[in-house]
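In what follows, a single structure is set out as structure tokens and then discussed.
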Amino acid sequence: MTRQSITLANQNDEWLKQQIAKEEFTSKSEAVNYLIKQAREREAYDDYVSMKLERGEKSGFSTKTKEELLAEIKSRLNV
């Protein structure tokens with residue numbers, strides 16, 4: 001693992017101390033690593049959603065009725 005030195009705003013440092021006091025994390029390092037992991041997962045999810053939206057936009061408009069679309073979705077879900 002790489003060792004880093006970071007400067008935190010006072011309110012962020014206090015929040016980290018509170019999390020450790022509540023035993024949510026065992027150390028500031030664990031908390032920071034967890035938060036970075038969450039941010040990376042969120043970024044990956046956002047990228048996935050953006051890709052899906054872009055794909056949908058590029059596919060164009062549907063000429064199917066609302067009922068036809070609902071029936072198609074239900075058939076894909078085996079409902």
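Here the structure is a predicted model, which is why all the values come from computation and not from measurement.
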Are L69 and L77 co-members of a hydrophobic cluster defined by side-chain heavy atoms under 4.5 Å apart?
-> no
Please round to the nearest 0.5 Å and tell me the distance separating atom OG of S50 and atom CZ of R55.
-> 13.0 Å
Within the distance-only criterion (no hydrogens, no angle test), does the side chain of E41 pair as donor or acceptor with the backbone N or O of Q38 below 3.5 angstrom?
-> no
Is any side-chain heavy atom of Q11 less than 4.5 Å from a side-chain heavy atom of D13?
-> no
More than 12 foreign heavy atoms under 6.0 Å from CG of N10: is that the case here?
-> no
Count the heavy atoms of every other residue, nucleotide or ligand shown that sit under 6.0 Å from CD of E23, and state whether that count exceeds 12.
-> no
Mind checking what makes side chain to side chain contact (heavy atoms under 4.5 Å, CB included) contact with E14, not counting sequence neighbours?
-> K17
In the single-linkage hydrophobic clustering (I, L, V, M, F, W, Y; side-chain heavy atoms under 4.5 Å), do W15 and I6 co-cluster?
-> yes
Roughly how far, to the nearest 0.5 Å, is CD of Q19 from CD of E30?
-> 11.0 Å
From E57 atom CD to E54 atom CD, the distance as rounded to the nearest 0.5 Å = 7.5 Å
Non-hydrogen side-chain atoms of V32 and L16 separated by less than 4.5 Å | yes
Kindly compute the distance separating CG (L70) from CD (E67), expressed to the nearest 0.5 Å.
-> 8.0 Å
Shortest non-hydrogen separation from I20 to S27 and the atoms involved = CD1-C, 3.5 Å
